[in-house]
Amino acid sequence: MVDALRGLVIALMVLDHVHDYFHWQAFVFSPTDLAKTTPLLFATRWVTHLCAPSFVLLAGVSIFLQQAGGAYPRPAQSRFLLSRGLWLIGLELTVIVFGFNFVWPFLFLQVIWAIGVGMVAMAALIWLPRTAVLALGIVIIAGHGLLAGFDPSRWGALAPLWTLAMRPGAVPGLEGFVAYPALPWVGILCLGYGLGPLFLFDAQRRRRVVAALALAMLAAFAILRAGTGFGDPSAWQRQADPLFDAMAFVNVSKYPPSLLYALVTLGVSLLAMLALEHCAGWLRCVLLAFGRTPLFTYLLHIYLVHGLALLVGVASGIPAAVFVGILGNAGRIAESGWGLSLPAVFGLWLGVLAALYPLSRWFAGVKARRRDRWLSYL
């Protein structure tokens with residue numbers, strides 16, 4: 001169940017990045033800009049909002065399941081979490097950022113960085129009672145938005161720490177930006193760890209409890225969004241068109257993840273997890289191949305998608321230099337005339353998934369057959 005959901009969000013993440021590199025409108029405006037978007041474009045972007053919170057939540061669940069299964073004594077698990085967290089941060093700063101930008105050094109901190117920081121934190125937090133970690137996660141998720149008005153300039157030279165922890169943006173003196181400030185995502189990881197016992201229940205009880213939790217999250221989202229305005233920095237702006245009004249209702253803030261963003265995305269993801277229990281045949285095989293090799297598939301897809309964009313662009317007469325240092329240069333790309341239609345993006349997305357599947361399935365087999373320690377880092 002966990003691997004199937006992880007595989008689904010891997011597939012959606014690939015869609016997100018294929019769209020980012022290939023769709024012509026991706027370089028012109030945000031797909032969630034209701035003044036410019038279309039319902040299909042908005043839905044294409046919104047569904048990929050499920051990816052990061054699902055990854056992070058499941059990372060927390062996996063830490064608990066490792067602990068419950070006795071894979072490591074607690075001291076060994078703490079050391080493993082520390083080393084794997086530092087490894088993920090190192091990957092984000094080197095292999096991953098180069099794959100996205102084809103320029104290095106460049107700062108672009110995303111979900112792998114956030115999970116890495118979360119694992120470093122969990123190296124200490126696993127020594128606390130699980131319920132205390134769960135409570136900490138809830139407090140962070142629900143309360144971090146209350147600090148949005150804090151001015152970090154009073155910290156002087158330490159002000160960049162606020163960007164790394166709480167507020168997306170550039171870090172002075174470094175080229176690039178922080179897309180995923182760590183603390184709110186650490187809260188989601190703590191939540192996953194705290195909810196871990198749910199995944200050890202018998203199947204019937206687990207389905208019942210997970211469904212109740214998901215519906216409670218979605219109900220809390222709807223009540224807060226419609227009635228209080230609390231939980232997201234952008235209030236619901238009513239629209240004349242009913243469809244666009246519904247889009248505005250779910251158009252919540254990801255950077256950083258607001259309380260309402262966490263409630264609606266995690267609620268939908270948990271319902272999707274229940275639905276995937278009925279998934280069988282070739283689709284289940286594909287999702288499990290991706291879900292059992294998440295980091296391996298993540299690394300592969302970055303270079304495949306960006307490399308394809310460069311090759312297709314050059315074949316179309318676009319200079320290769322347009323695709324080097326692509327982050328933060330949307331204007332230059334838009335001016336080059338590069339980009340495909342949305343239907344073409346969907347077709348290319350399916351092609352990329354088809355190319356990734358044999359490699360992911362092979363590596364999943366390697367991980368199933370062997371117990372080499374290095375495999376736990378990839």
Is the shortest side-chain heavy-atom distance between [X] and [Y] below 4.5 Å?
X	Y	result
Val305	Phe22	yes
Ile115	Tyr180	no
Phe64	Val133	no
Arg369	Val366	yes
Trp46	Thr32	no
Arg6	Ser62	yes
Leu310	Phe102	yes
Leu82	Ser78	no

Could you check whether [Y] and [X] have their ring centres less than 6.0 Å apart?
X	Y	answer
His301	Tyr298	yes
Phe221	Phe249	yes
His306	Phe323	no

Summary of salt bridge (Lys or Arg N to Asp or Glu O under 4.0 Å) pairs that have at least one residue in [range], sequence neighbours excluded:
range	answer
residues 16-25	Asp16-Arg45
residues 161-174	none
residues 182-209	Arg206-Glu277, Arg207-Glu277

For [Y], does its backbone N or O pair with a side-chain atom of [X] as donor and acceptor, under 3.5 Å?
X	Y	answer
Trp185	Pro257	no
Arg84	Ser376	yes
Tyr261	His49	yes
Asp232	Arg225	no
Thr44	Leu40	yes

* To do: Give the C-alpha distance, both sets of side-chain angles, the deciding distance and a yes or no for ring pair (Phe, Tyr, Trp, His ring centres under 6.0 Å) between Phe98 and Phe108.
  => CA-CA 9 Å; Phe98 182 79; Phe108 186 43; over 10 Å; no
* How close do Gln77 and Ile126 get, heavy atom to heavy atom, and via which atoms? -> OE1-CD1, 3.6 Å
* Report the relative orientation of the aromatic rings in His19 and His23; use parallel for angles under 30°, tilted for 30 to 60°, perpendicular for over 60°. => tilted
* Asked: Can you tell me if CH2 on Trp87 sees more than 12 non-hydrogen neighbours from other groups inside 6.0 Å?
  ->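 At most 12 heavy atoms, drawn from other residues, nucleotides or ligands, come within 6.0 Å of this atom.
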